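What follows is a single structure, written as structure tokens, with notes after it.
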Amino acid sequence: MVLLDRNTVYLEVQEVETDAARIKDLRVTIGGIRGLAPAVPRGPMPMPGPGTLRRWDRKLLSRYRPFYMPFCELCCLCTFGKCDLSGGRKGACGITMNAQQSRIVLLACCIGAATHTAHAREILDHIVSRFGERHPLDTGGSQIDITAPITRLVCGFEPQTVGDLDRALRYAENQITQLLAATHTGQEGDYLDLESKVFHAGMVDHLGMEIADISQVSAYSFPRADADAPLVELGMASVDTKKPVILVVGHNVVPSVGILEYARENDLLGSIEVTGICCTSLDLTRYSEKAKIIGPISWQLRYIRSGIPSVVVVDEQCVRTDLPDECRAVRAPVIATSDKNALGLPDRTGDPADEIVEDLVSGRVTGVLLRDPDIVGEVAVKTANHVFEKRKGITAIPPGESVTASAGECTHCSFCQRACPAELPLVEVIREAGAGDTGALASLYDLCIGCGRCESACPRGLPLHSFIISASCERIRDEKFSIRSGRGAISDVEIREVGGPIVLGEIPGIVAFVGCSNFPRGGSELASMCREFARRRFIVCTSGCAAITAGQYRNDEGKTLYEEFSGKFEAGGVLNVGSCVSNAHISGAAIKIAAIFAKRELDGNYEEIADYVHNRVGAVGVAWGAMSQKAAAIASGFWRLGIPVIVGPHGSKYRRMLLGRADHPDDWKVNDARTGEEVCIGPVPEHLFVAAETAEEAMVLVAKLSMRPNDTTRGRSIKCTHYIDLHRRLYGTMPGDIHLFIRNPADVPLTFKDEIWAHLEAHGWKEQPVPDPTLLEPKGRRVKGGKPK
Amino acid sequence: MVLLDRNTVYLEVQEVETDAARIKDLRVTIGGIRGLAPAVPRGPMPMPGPGTLRRWDRKLLSRYRPFYMPFCELCCLCTFGKCDLSGGRKGACGITMNAQQSRIVLLACCIGAATHTAHAREILDHIVSRFGERHPLDTGGSQIDITAPITRLVCGFEPQTVGDLDRALRYAENQITQLLAATHTGQEGDYLDLESKVFHAGMVDHLGMEIADISQVSAYSFPRADADAPLVELGMASVDTKKPVILVVGHNVVPSVGILEYARENDLLGSIEVTGICCTSLDLTRYSEKAKIIGPISWQLRYIRSGIPSVVVVDEQCVRTDLPDECRAVRAPVIATSDKNALGLPDRTGDPADEIVEDLVSGRVTGVLLRDPDIVGEVAVKTANHVFEKRKGITAIPPGESVTASAGECTHCSFCQRACPAELPLVEVIREAGAGDTGALASLYDLCIGCGRCESACPRGLPLHSFIISASCERIRDEKFSIRSGRGAISDVEIREVGGPIVLGEIPGIVAFVGCSNFPRGGSELASMCREFARRRFIVCTSGCAAITAGQYRNDEGKTLYEEFSGKFEAGGVLNVGSCVSNAHISGAAIKIAAIFAKRELDGNYEEIADYVHNRVGAVGVAWGAMSQKAAAIASGFWRLGIPVIVGPHGSKYRRMLLGRADHPDDWKVNDARTGEEVCIGPVPEHLFVAAETAEEAMVLVAKLSMRPNDTTRGRSIKCTHYIDLHRRLYGTMPGDIHLFIRNPADVPLTFKDEIWAHLEAHGWKEQPVPDPTLLEPKGRRVKGGKPK
Amino acid sequence: MTRPAPWQTAETCGTRQAGIIKGPQVLAALLKKARHPLMLVGNQGSRDPEEADEALNAVIFLAQKAGISLVASGKAVLSCRERGLSPDSTIPATDCANRLSDPAWAGVDGKGPHDLVFIIGLPYGMEWTLLSGLKNGAPALITVALDRYYHPQASWSFANLAHHEWLEMISETTRVIGR
Amino acid sequence: MTRPAPWQTAETCGTRQAGIIKGPQVLAALLKKARHPLMLVGNQGSRDPEEADEALNAVIFLAQKAGISLVASGKAVLSCRERGLSPDSTIPATDCANRLSDPAWAGVDGKGPHDLVFIIGLPYGMEWTLLSGLKNGAPALITVALDRYYHPQASWSFANLAHHEWLEMISETTRVIGR
Ligand code: SF4
Ligand code: SF4
Ligand code: SF4
Ligand code: SF4
Ligand code: SF4
Ligand code: SF4
Ligand code: SF4
Ligand code: SF4
């Protein structure tokens with residue numbers, strides 16, 4: 001038997017005879033190819049390079065032009081720098097300000113895509129080593145035929161097993177390397193070409209996410225396209241503090257599975273609590289309903305400082321880099337589990353578990369790095385059990401009296417306030433606290449995102465975040481919600497059922513709330529937006545920290561969103577798809593609508609599918625609290641499919657928007673697929689990337705951006721109804737641009753008929769045909785410039 | 001026949017019969033594995049992950065501690081930012097200033113490594129498609145047995161064909177993705193762990209460089225470890241301007257080969273000039289002696305503005321992003337050839353060549369993107385021929401009178417001077433030019449690095465760089481030198497011959513001058529440093545722009561370095577190894593000394609080989625004009641091997657140094673490999689990364705940093721002689737720290753005997769044994785913390 | 001040129017910082033020179049409600065007196081209407097800034113390009129970023145951050161005034177131009 | 001706090017900039033308070049030779065008068081010796097800065113840690129970077145950029161003076177401390 005490099009080839013030969021070879025029992029497995037049938041990539045553009053889809057990107061970018069908002073006038077990417085790029089100046093390498101901004105966006109998206117892809121690599125390699133490369137992919141049993149829509153769309157082949165995914169993942173790693181190279185000094189210098197590469201990075205990012213999620217869903221039997229995935233517990237108050245508590249923080253569920261497995265095997269599941277923050281907790285509750293979700297990224301400081309977690313296990317991504325210090329302050333041993341996030345801790349992977357436990361329990365070491373998920377399981381559980389009694393009563397949250405006393409030391413210098421990204425009125429609040437009234441402090445609980453910048457800035461060293469938490473203990477005692485655990489993919493059956501209504505515009509839109517929710521009021525605003533659109537019969541998807549935060553608010557009947565609405569991909573459903581990497585199922589659903597409902601060729605056919613999605617599928621992404629480079633990459637992946645993304649005000653810090661010009665009629669002329677003639681589609685969707693100042697603005701934008709050129713008149717009329725209705729409710733008036741969205745009398749919503757007609761007449765409105773729009777060149781026509789290879 | 005994904009598997013079956021299979025003429029090629037013999041990676045640490053060599057890195061980093069010099073007090077890597085990290089403040093993600101600085105260094109090194117790796121990917125894929133994956137690797141015929149020292153060291157297998165390299169390249173792409181992920185917000189937070197990842201990126205970078213260079217050497221029959229590689233022409237004055245001139249700029253030789261091939265096939269080689277800037281030109285002269293090198297990166301503006309090039313072809317890396325504008329100004333059509341650097345030009349790859357030529361010649365388009373090297377060849381040559389006559393007399397360099405007149409418009413606002421990275425006295429010089437004397441302008445020729453920042457900053461729009469060039473036309477007329485074309489690898493035979501003298505210290509050191517030479521006086525200083533050390537019988541290697549610049553200065557007899565010294569890897573040799581990617585041969589040579597001379601196991605045995613190199617091989621890198629992210633990655637690759645790197649003053653802009661403390665005796669205690677006992681080795685080499693203020697300082701440092709713990713007494717005495725001699729000549733005194741380098745009386749150089757003994761006595765010197773030093777744990781001893789996996 | 005620190009301490013911007021509005025005459029002069037000024041009013045999200053109310057009163061009164069075209073972002077439109085001034089448009093601030101960066105934009109009222117814009121009441125970071133977009137993309141446009149906080153990315157800004165100082169400035173400006 | 005622009009315009013540094021040395025008394029006061037000052041002299045690479053010569057005369061005279069320990073980087077050692085002052089060390093500026101960031105360093109003359117360092121004559125970018133390293137790594141150390149150019153990364157710096165103004169300042173300082 002010959003076993004070659006696990007990731008590429010599996011070759012088994014029971015007997016060989018050379019010279020015009022005789023071979024018995026030959027089995028060859030190459031990637032996912034069993035027997036001798038190779039999965040030859042299909043389609044017009046399988047595995048596109050960084051420039052292959054340039055023409056498509058430039059179509060989008062010529063309509064949705066970048067508006068750059070430099071973070072800094074300087075470039076400091078090489079030792080020529082700093083170069084001043086303000087006022088039209090060029091850098092020593094010749095670069096302009098616009099190109100520099102798009103280069104930074106590309107860098108961020110490369111980091112984001114690399115993070116998901118590297119995460120996918122760790123999960124995939126682990127799963128292949130555990131379950132074998134021939135472990136079948138299964139994301140929805142018989143309900144799902146198209147298991148890997150993004151892989152098929154991008155790579156042009158159909159993976160059947162986890163092993164098959166390796167090839168797609170290698171493609172992703174290769175493309176990330178190419179794209180990152182383009183950011184080197186003296187490489188790509190054109191800002192639109194850089195933006196096209198940003199799109200490419202986004203596409204690769206979604207590929208990486210899909211690989212990560214479908215392999216973990218397949219291997220760990222997570223809910224599979226399950227609209228009735230179980231409700232699990234959420235919130236600090238859901239923890240049984242009479243038991244030893246393990247906290248897991250991060251994104252890679254593998255070490256956390258090790259914890260649950262060890263506990264199960266040793267019959268300890270009932271006697272410990274396994275709790276989590278961020279995506280690891282989301283994925284852990286997909287693995288077991290026993291696990292509990294504490295909260296999103298912003299809950300790290302408050303929970304650890306509370307003293308509740310006995311042991312803290314961190315994996316990768318979105319982990320505060322100062323957790324070891326925070327843990328030390330409450331004497332909670334910390335276990336790092338990833339090479340990517342070793343945190344300076346001693347590597348004890350090779351040592352006997354009990355020796356490590358002893359060292360952690362005795363405090364000889366305050367943390368360790370364990371590069372093996374099984375060892376993590378044993379050490380975490382044993383250590384939690386051992387330190388539990390010793391740690392009783394330890395907390396870093398000061399009691400009320402002490403807050404008042406410390407607040408008295410404040411000099412009202414305002415450095416804290418001037419450091420607070422949430423612009424909270426800290427000086428005033430601390431003044432009141434000093435005077436004995438901590439009510440104002442408590443009022444900041446919902447607004448404070450636990451970043452700790454205020455504390456870092458305070459010359460007196462006052463722990464302001466802890467003060468807020470201390471003042472909010474009542475509130476926290478109540479922090480117990482339920483959230484439907486991540487359901488994973490959207491089934492083909494669901495797609496078939498809603499495909500028509502979506503494309504015809506009768507389901508007004510799919511809104512995906514994604515991202516980090518770590519901005520003031522992020523949580524409550526997010527929950528109310530979800531509720532608004534679910535009630536309006538949009539399909540509402542959530543993922544990652546947004547899914548968690550959306551579950552932290554109740555309706556008047558005391559129900560969270562996940563209790564109030566169905567988990568089905570249907571009008572009025574609210575679906576938690578899962579962790580950040582589950583975002584791939586949202587873009588995957590849009591792709592599947594084109595492939596299943598409209599029967600477009602899927603494999604390696606990016607341009608046509610994206611053209612379909614952009615012109616017909618009324619999907620909108622909302623990343624209200626987007627913070628990270630991953631969020632940037634996720635957004636880019638949506639952009640390339642022509643799906644608009646709305647961010648919160650802080651999202652302007654991504655340095656550029658992609659904005660359409662409703663006042664430029666020429667921008668909205670496209671080819672009609674049937675006739676080949678130029679038709680005007682009106683400004684739909686108006687923007688591809690836009691920062692909204694307030695949740696109200698975002699809601700009006702969602703309604704507006706869910707319109708598509710190909711809406712039926714019935715669909716357009718429904719969409720206009722929502723747009724007008726929201727605009728009137730929130731702004732008090734009929735939208736001033738409504739004439740741009742009415743193509744013919746049948747588009748006019750009945751409810752506002754007279755008002756609209758008056759408006760149309762005032763604006764010299766003329767009837768337009770409903771086109772069959774496409775951004776692609778008509779087939780068969782010779783294009784100047786030729787096809788990109 | 002079944003042909004699978006070209007990069008992974010080649011499977012040929014002439015006949016199949018299933019059920020206990022019968023197969024005829026089976027041929028399986030998997031990566032580089034012919035027949036059924038798999039190249040199983042060997043050695044203790046083949047294909048190490050980002051954390052595998054952490055223990056080794058931390059050994060180095062505990063002695064050579066990072067000294068951080070933030071470029072900015074703020075972090076703006078995510079939308080929480082900007083976060084103020086000054087004065088001990090932490091970011092909203094918890095990160096500290098030190099970690100942030102090392103994170104930025106890691107980001108730069110990832111960009112650098114990605115650039116070389118992506119470049120290697122393009123070359124390798126092209127070569128495989130042209131020459132077949134079974135094209136044998138050949139970098140020195142029978143002179144070389146170890147063809148791919150870095151690949152073998154890092155990956156643990158021995159590639160035989162270009163196809164075999166694919167697997168190593170995939171490993172590189174995978175590692176870059178992992179490392180880049182570690183820079184994400186909320187990932188690695190420990191500055192030493194980040195530095196360890198910087199080293200890892202550097203190691204991967206050298207792997208990428210090796211793959212790129214050995215495949216092109218093998219495919220294109222570049223000089224193969226050829227000490228007598230031909231002398232080729234260098235300099236603007238070497239161009240025959242009576243012929244149409246093509247300029248190629250960048251790093252990827254493939255499209256330029258297309259140009260020469262087309263010209264050769266059409267018998268046009270004699271009637272056009274193919275000239276180049278940067279690494280493409282270096283590689284092109286390795287391909288054909290007919291090509292000419294114009295100069296390093298800083299020659300771009302002056303040469304294009306001169307009007308000489310009829311057509312400009314750019315590929316990738318280190319290309320000014322404003323070249324299309326510069327070319328437009330002199331009506332030279334521009335051809336972009338890389339997806340990574342499309343420069344906004346229309347993609348005309350699919351169009352008939354003559355149509356493209358016509359459009360370029362007529363000026364209908366000023367530039368095109370051609371994604372196929374053969375088409376590039378045809379279009380470039382034809383266009384050059386057609387535009388040649390039309391463009392006669394066009395130049396963007398103003399004549400002398402016009403300089404004087406324009407200079408009169410200067411308001412002496414000093415913005416130009418305050419923008420000049422070379423700190424040139426522009427205000428004064430322009431004042432004199434305005435008064436009619438352009439001599440001072442001309443005096444800046446050698447100092448000006450052609451970055452154009454002055455022009456960009458001038459409110460009056462004065463083209464100061466062009467003024468300097470205009471005033472220096474006499475000088476340029478004389479710019480005609482010769483350079484030995486890149487020889488490629490160091491042969492095993494050479495290694496065997498010099499291995500002993502180097503390790504024993506009789507050849508005082510190997511100095512590699514690498515990097516970009518784009519800082520004031522960079523060129524002349526570099527040439528004089530090379531000459532100094534060649535005369536001192538060091539082995540001097542050059543590469544990339546440093547190799548070019550070093551060739552731009554003559555000795556008193558009118559000879560360039562390459563004419564004065566031998567091209568052999570021997571005492572007093574000056575070797576141009578080739579382009580930037582040829583740097584791999586320099587680290588490769590150090591590795592081969594350990595493998596060939598010392599017979600250490602090579603495959604997958606990084607730690608032991610690096611320990612050997614660090615303690616025994618007196619190699620020093622000098623990157624005098626290091627500018628780019630690639631330069632940072634190259635340096636990191638040397639650091640991980642324990643080879644010190646010196647940069648020029650601007651190199652401090654890499655944000656951190658790795659500095660030893662000669663005044664901390666405890667830092668220099670190591671294990672003796674023979675006895676296992678702790679021995680003191682003295683501060684050798686004293687630093688791992690240090691910026692020198694002047695060339696004099698750099699020379700003294702080279703002499704000092706070439707010392708190694710394992711020097712024989714004879715070797716140490718020779719090295720001390722050079723150190724003392726240079727110190728006395730340049731600083732006028734005996735070095736104040738010489739007592740730290742004398743271990744016993746035999747180390748004392750005879751020439752300075754009395755002086756040294758006086759010094760030793762004054763410093764209470766005590767005799768020390770000459771150890772057999774190692775930084776590794778003694779074999780077989782149990783290490784607390786266990787082995788990294 | 002010397003400048004104060006940005007209100008959010010870390011929000012520095014590089015080489016060019018806003019000039020300081022030292023007194024009402026500065027604003028009055030800017031207004032006098034402007035052919036077609038615009039005011040972009042945000043939602044005062046983070047301000048103390050009472051302070052926000054007074055601020056809105058003051059700037060809307062100013063806009064009225066000076067005849068400045070008005071864009072209200074999001075719900076700010078309600079606040080404006082409550083104060084008797086109907087905004088000329090309710091496009092998002094982002095959209096408005098993007099259009100301002102187009103020198104050919106017909107303006108919020110269709111009366112031609114704007115040459116001066118006052119911005120007030122957006123979240124600090126967002127206002128800072130949009131001002132940066134204008135500094136970079138609309139070099140000919142004069143931008144004035146009208147909040148009491150220093151905004152280095154604007155052409156002109158107040159230098160971290162107390163609310164009452166600021167109120168005084170705006171009222172005085174209104175008086176001056178009213179003359 | 002308001003500050004001038006860095007001499008190399010783009011070399012800004014973030015939130016904290018050097019205080020301006022407005023007159024000789026500032027330097028004199030700093031020297032008076034310092035227990036163990038150090039002066040690091042570079043090679044004046046980019047200065048006009050005549051100017052460099054005068055500058056060296058002035059600062060070495062100052063060092064002598066004030067009894068400041070001296071490190072000369074590279075060839076600057078020759079310049080110092082020509083002027084009759086032997087540097088206490090010739091370590092590279094980089095090495096010196098790194099050691100200064102160690103509060104336990106015995107100092108260039110072995111007499112204990114330095115609490116004040118004057119730096120002059122390095123290439124602008126390198127001096128700027130080393131000062132940054134000290135600002136970050138040696139928070140207790142007072143750093144003074146002694147060149148005539150503004151160096152925002154120092155604790156104290158001159159504000160882009162003309163050579164003759166600067167010369168006057170240094171000479172006057174020498175006089176003041178000489179008293
Ligand atoms: S990358 Fe270009 S603009 Fe940036 S610092 Fe380097 S030369 Fe200047
Ligand atoms: S920074 Fe500290 S001292 Fe200053 S106002 Fe805030 S809490 Fe008070
Ligand atoms: S922890 Fe809360 S109060 Fe403190 S700066 Fe962050 S958001 Fe503001
Ligand atoms: S949603 Fe954002 S913060 Fe939360 S885990 Fe995902 S990337 Fe991190
Ligand atoms: S990466 Fe960290 S320090 Fe940097 S801006 Fe984001 S939160 Fe702030
Ligand atoms: S082009 Fe020359 S003179 Fe101009 S800024 Fe660059 S180095 Fe200085
Ligand atoms: S920037 Fe222009 S005007 Fe000012 S001094 Fe330099 S050349 Fe003269
Ligand atoms: S030496 Fe530097 S500038 Fe020259 S080609 Fe190489 S990386 Fe580019």
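Being a predicted model, the structure only gives us computed values, none of them experimental. Side chains are part of it too, since the values below use all heavy atoms of this structure and drop only hydrogens, waters and symmetry mates.
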Aromatic plane relationship, C/His36 with C/His114 - under 30° parallel, 30 to 60° tilted, over 60° perpendicular: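 C/His114 and C/His36: tilted rings.
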
Aromatic plane relationship, A/Tyr723 with A/His727 - under 30° parallel, 30 to 60° tilted, over 60° perpendicular: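 Plane angle over 60°, so perpendicular.
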
Side chain, backbone, both or neither: which part of [X] has a heavy atom under 4.5 Å from chain C?
| X | value |
| --- | --- |
| A/Ala691 | both |
| A/Glu686 | side chain |
| A/Asp663 | both |
| A/Ala662 | both |
| A/Pro649 | both |
| A/Glu696 | side chain |

Using a cut-off of under 4.5 Å on heavy-atom pairs, state which of [options] scores highest against chain A.
| options | value |
| --- | --- |
| C/Asn98, C/Val77, C/Thr9 | C/Asn98 |
| C/Leu131, C/Leu78, C/Thr90 | C/Leu78 |
| C/Ala106, C/Gly125, C/Gly137, C/Ser89 | C/Gly125 |
| C/Ala72, C/Gly14, C/Ser132 | C/Ser132 |
| C/Arg47, C/Lys75, C/Glu11, C/Gln153 | C/Lys75 |

Looking only at heavy atoms and a cut-off of under 4.5 Å, which of [options] has the most pairs with chain C?
| options | answer |
| --- | --- |
| A/Lys653, A/Glu428, A/Lys82, A/Arg65 | A/Lys653 |
| A/Met97, A/Arg656, A/Arg661 | A/Arg661 |
| A/Leu74, A/Leu659, A/Asp737 | A/Leu659 |
| A/Gln417, A/His650, A/Met69, A/Glu693 | A/Glu693 |

Under 4.5 Å from any heavy atom of chain A - which part of [X]:
| X | value |
| --- | --- |
| C/Trp105 | both |
| C/Arg99 | both |
| C/Pro92 | both |
| C/Thr12 | backbone |
| C/Asp88 | neither |
| C/Asn136 | side chain |
| C/Glu127 | neither |

Would you mind reporting whether [Y] and [X] have side-chain heavy atoms less than 4.5 Å apart?
| X | Y | answer |
| --- | --- | --- |
| A/Pro66 | A/Asn98 | no |
| C/Phe118 | C/Leu31 | yes |
| A/Val702 | A/Met529 | no |

Trace of the side chain to side chain contact (heavy atoms under 4.5 Å, CB included) decision for A/Leu658 with A/Leu60: CA-CA 9 Å; A/Leu658 296 170; A/Leu60 289 175; over 6 Å; no

Closest contact, heavy atoms only, [X] versus [Y]:
| X | Y | result |
| --- | --- | --- |
| A/Met627 | A/Ala631 | N-CB, 4.3 Å |
| A/Cys72 | A/Gln101 | O-NE2, 4.0 Å |
| C/Gln8 | A/Pro421 | NE2-O, 4.3 Å |

C/Asp53 and C/Arg83 ion-paired at < 4.0 Å: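 Counted as a salt bridge, because a side-chain N and a carboxylate O are separated by less than 4.0 Å.
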
Qualifying residue, where the test is side chain to side chain contact (heavy atoms under 4.5 Å, CB included) with C/Met39 and the options are C/Leu116, C/Val71, C/Ile68: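 Per the side chain to side chain contact (heavy atoms under 4.5 Å, CB included) rule, the option paired with C/Met39 is C/Ile68, out of C/Leu116, C/Val71, C/Ile68.
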
C/Tyr149 atom OH, neighbour heavy-atom count above 12 within 6.0 Å: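 Counting neighbours around OH of C/Tyr149, more than 12 heavy atoms of other residues, nucleotides or ligands fall under 6.0 Å, so yes.
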
OH/A/Tyr445: more than 12 non-hydrogen atoms of other groups inside 6.0 Å: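 Count over threshold, so yes.
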
